[in-house]
*Asks:* 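What follows is a single structure, and I will ask about it in a moment.
Because the structure is predicted, anything quoted here is derived from the model rather than measured.
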Amino acid sequence: MASHGFWSLGAENAADSTSQIPSTPRAWCQAAAQKFTGGIGSKLCALLNVGETEKPRDPSSKHGSSEAEACGCSKATVSFSDLYSTDLLPALDGDMKTMNFLQEVVDILLAYIVESFDRSTKVIDFHYPNELLQRINWELSDEPETLDDILISCRATLKYAIKTAHPRYFNQLSTGLDMVGLAADWLTSTANTNMFTYEVAPVFVLLEYVTLKKMRAIIGWEDGRGDGIFSPGGAISNMYAMLLARYKMFPEVKEKGMSSVPKLAAFTSEHSHFSIKKGAAALGVGTESVICIKADERGKMIPSDLERRIVEAKQKGFVPFFVSATAGTTVYGAFDPLIAISDICKKYNIWMHVDGAWGGSLLMSRKHRWKLNGVERANSMTWNPHKMMAVPLQCSALLVREEGLMQSCNQMQACYLFQQDKHYDLAYDTGDKALQCGRHVDIFKLWLMWRAKGTIGFEAQIDKCLELSEYLYNKIKDREGYEMVFDGKPQHTNVCFWYLPPGLRYLDDKVEKMKRLHKVAPTIKARMMEYGTTMVSYQPQGDKVNFFRMVISNPAATFEDIDFLIEEIERLGQDL
């Protein structure tokens, strides 16, 4: 079978193309030098040492490197040491200078991308903050720097950045780097427009309309009807939902403020995301008005406790207006029982929101979407494609079942922007239903990736990540030195566990054992970062001491990477 993508460079004429796939950046750049024209291959080769050496400040030695010479590539010939940003477009003669400069930037980015997927490179070149501040001159000056200095700054920034695309980066819920999504991000930055009106973003506004409708249909709302918007992140999407719930019950709050409404109460799981309380604080509802509902040992909200607390709040004079269920909790990856919760919300006439920032993408999988059964009964849902779907940050959607509610809740009808006598359908001027005025184009990344993968491509990607998490769980559940935080196979890709070094395994003093165990995960994590080999998150939860929370959303991760993680934890923690 013919190979595809970056790693097929130079292998077209091979009898067995897979045997010709370069395994290191240097081998890749040798193939690239043959494949690419215009010197890009040689520039990639010269730049692939971005994580190994500092670029010197001496102008005579800023270009080229021993690394480039070692792999037979020629040095870069374009000099930017006497050029400044004012020499670029819109300068009258700035065309070629701009093209050369941007080509150089692209070369730096391409080199970084290739290096990020190379497992022999570090996930992070870690330095403590004070050391990093002193290592590079990051200060801003009154006088402009040359474009050569600007390129050096680009290289230095990437040198010390976390390689979130690295197959062994597992630290956050959003990981990986999709090439089509990256291309879309470049395009939207080039277009550099705003999402508030069809007038200035005609294509992007239509793509948002089409994509939100498709997402609503996947939730299960009839014909994809409803409303929605892409926001700066899941926390803002959750706050939008709370805002809409309050307005739906008390529309007068928009003009008269919180003094016009009774004491409100919102409800969410004790394992829910902190953004629910943060939204309540921002909206004036108050964090004390957010009532946390008990979760079971797997982290799922207990419906009977939800109903009990609703009745209790009503008896105290509060008006329950908002319930946030979670589809994929941040730590345990738990899915709240949405059908039971929706029954309670219907009984007491309360807005039901589903925070699916982490787990909402499982709706794309025929194998796993059952975990969100009942989501179609929700009034709103948060769904972050920049997590399990690996869309480049940021890409968060709020989906709302009732059409027109966002517009009436948020519109201010600024006449300088949302004129009512425009010559096209004003329904496509979406900015007045947003809290923001300026709104970044987040939609194109998701739309273009969806076009490139199809729904089945996203499904396969998500299923693979869940398969990897099950593989990890099966490998460590009975392995010496490991203890699971809760019993049973995880519902999402979150695998939560303690690693007990040999010196702790047979300690009889339970108090002392927990005290020492609490320090194990932070110490191993620090060593991971200092060696740069991998990154995994940890945290305490309730009365449980620090444990590892392994999450998998990186499409580049493999079974071998899971094996590496286990071995690395044991290597770094064997002396603790």
Side-chain angles (χ1 to χ4, degrees), residues 173 219 228-229 231 233-249 264-296 299-310 312-313 318-360 362-363 371-384 387 396-402 405-406 409 492:
L173 303 183
I219 290 173
I229 201 166
S231 81
I236 302 300
S237 293
N238 287 338
M239 187 175 74
Y240 265 121
M242 186 176 287
L243 178 71
L244 292 172
R246 185 180 65 177
Y247 177 79
K248 176 69 175 177
M249 186 171 285
L264 302 179
F267 304 83
T268 192
S269 162
E270 61 184 353
H271 281 231
S272 68
H273 195 259
F274 67 86
S275 60
I276 304 301
K277 284 191 174 183
K278 184 169 283 191
L283 295 176
V285 174
T287 59
E288 291 183 356
S289 296
V290 178
I291 299 170
C292 292
I293 307 304
K294 291 179 181 178
D296 64 18
K300 300 179 182 181
M301 184 193 291
I302 300 174
S304 60
D305 190 57
L306 171 63
E307 183 163 22
R308 180 182 70 82
R309 298 303 297 274
I310 289 173
E312 184 180 89
F318 286 86
V319 176
F321 81 108
F322 181 77
V323 171
S324 179
T326 310
T329 58
T330 305
V331 179
Y332 285 5
F335 288 77
D336 288 342
L338 302 183
I339 293 176
I341 292 170
S342 68
D343 287 341
I344 294 169
C345 289
K346 183 178 181 181
K347 179 178 179 180
Y348 294 98
N349 192 29
I350 303 172
W351 182 286
M352 177 183 171
H353 174 64
V354 174
D355 177 5
W358 174 222
L362 268 60
L363 289 171
K371 298 168 186 176
L372 289 96
N373 283 349
V375 68
E376 72 282 355
R377 299 170 66 175
N379 298 95
S380 58
M381 177 185 177
T382 293
W383 179 349
N384 284 11
K387 291 189 169 77
S396 173
L398 173 73
L399 295 311
V400 182
R401 190 167 62 183
E402 182 176 337
L405 187 64
M406 290 194 75
C409 177
H492 205 355

*Asks:* Can you give the donor-acceptor pairs under 3.5 Å from side chains of residues 331-346 to other protein atoms, not counting sequence neighbours?
*Replies:*
unit_1, atom_1, unit_2, atom_2, d
D336, OD1, M301, N, 2.7
D336, OD2, T326, N, 2.8
S342, OG, L338, O, 3.3
S342, OG, I339, O, 2.7
S342, OG, R377, NE, 3.1
S342, OG, R377, NH1, 3.4
S342, OG, R377, NH2, 3.4
D343, OD1, R377, NH1, 3.4
D343, OD1, R377, NH2, 2.4

*Asks:* So, applying side-chain hydrogen bond (donor to acceptor under 3.5 Å, both in side chains) with S275, which one of T330, D355, N238 is it?
*Replies:* N238
*Asks:* With T268, which residues qualify under side chain to side chain donor-acceptor pair (under 3.5 Å), at least two apart?
*Replies:* S272
*Asks:* Going by the rule side-chain contact (heavy atoms from CB on, under 4.5 Å), which residues pair with A280 if we only count those two or more places apart in sequence or in a different chain?
*Replies:* M242, V285, V290
*Asks:* Listed by chain and number, what are the side chain to side chain donor-acceptor pair (under 3.5 Å) partners of E402, not counting sequence neighbours?
*Replies:* K248
*Asks:* Show your working on side-chain contact (heavy atoms from CB on, under 4.5 Å) between S324 and F267 and close with a plain yes or no.
*Replies:* CA-CA 6 Å; S324 179; F267 304 83; over 6 Å; no
*Asks:* With sequence neighbours excluded, tell me which residues meet side chain to side chain donor-acceptor pair (under 3.5 Å) with K371.
*Replies:* H368
*Asks:* Determine the minimum heavy-atom distance between F318 and L264, stating which atoms define it.
*Replies:* CD2-O, 3.4 Å
*Asks:* So which atom in M249 and which in N349 form the shortest heavy-atom distance, rounded to 0.1 Å?
*Replies:* CE-O, 3.7 Å
*Asks:* Determine whether V400 and H353 satisfy the following criterion, side-chain contact (heavy atoms from CB on, under 4.5 Å), listing intermediate values before the conclusion.
*Replies:* CA-CA 9 Å; V400 182; H353 174 64; over 6 Å; no
*Asks:* Suppose we screen for side-chain contact (heavy atoms from CB on, under 4.5 Å). Which residues come up paired with A295, at least two apart in sequence or across chains?
*Replies:* S269, E270, H271
*Asks:* What's the spacing between D305 CG and I293 CD1 if we round to 0.5 Å?
*Replies:* 5.0 Å
*Asks:* Output all residues satisfying salt bridge (Lys or Arg N to Asp or Glu O under 4.0 Å) with E307, sequence neighbours left out; order by chain, then residue number.
*Replies:* K347
*Asks:* Listed by chain and number, what are the side-chain contact (heavy atoms from CB on, under 4.5 Å) partners of A378, not counting sequence neighbours?
*Replies:* M352, V354
*Asks:* List for me each residue that meets side chain to side chain donor-acceptor pair (under 3.5 Å) alongside S289, sequence neighbours excluded, and say none if there are none.
*Replies:* none
*Asks:* Give me the atom names and distance for the closest heavy-atom approach of A282 to M239.
*Replies:* CB-SD, 3.7 Å
*Asks:* Taking side-chain contact (heavy atoms from CB on, under 4.5 Å) as the test, write out the residues that go with S396, two or more places apart.
*Replies:* S231, S237, T382, N384, H386
*Asks:* Shortest non-hydrogen contact from K387 to A357?
*Replies:* CD-O, 3.4 Å
*Asks:* Begin from the C-alpha positions of S380 and L399 and carry the test side-chain contact (heavy atoms from CB on, under 4.5 Å) through to its verdict.
*Replies:* CA-CA 5 Å; S380 58; L399 295 311; over 6 Å; no
*Asks:* Could you list the residues that satisfy ring pair (Phe, Tyr, Trp, His ring centres under 6.0 Å) with F321, not counting sequence neighbours?
*Replies:* none
*Asks:* For M381, is there any backbone N or O sitting under 3.5 Å from a side-chain donor or acceptor partner on R401?
*Replies:* no
*Asks:* Any idea which heavy atoms bring I310 and P320 closest together, and the distance?
*Replies:* CG2-CG, 4.0 Å
*Asks:* Would you say L398 and L244 make side-chain contact, with heavy atoms under 4.5 Å?
*Replies:* yes
*Asks:* Given the rule in the side-chain contact (heavy atoms from CB on, under 4.5 Å) test, do Y240 and I236 qualify, once you have shown the distances and angles that lead to the verdict?
*Replies:* CA-CA 6 Å; Y240 265 121; I236 302 300; 3.8 Å; yes
*Asks:* Would you call the rings of W358 and H492 parallel, tilted or perpendicular, taking 30° and 60° as the class edges?
*Replies:* tilted
*Asks:* Looking at CD1 of I276 and OG1 of T287, how far apart are the two atoms once the value is rounded to the nearest 0.5 Å?
*Replies:* 13.0 Å
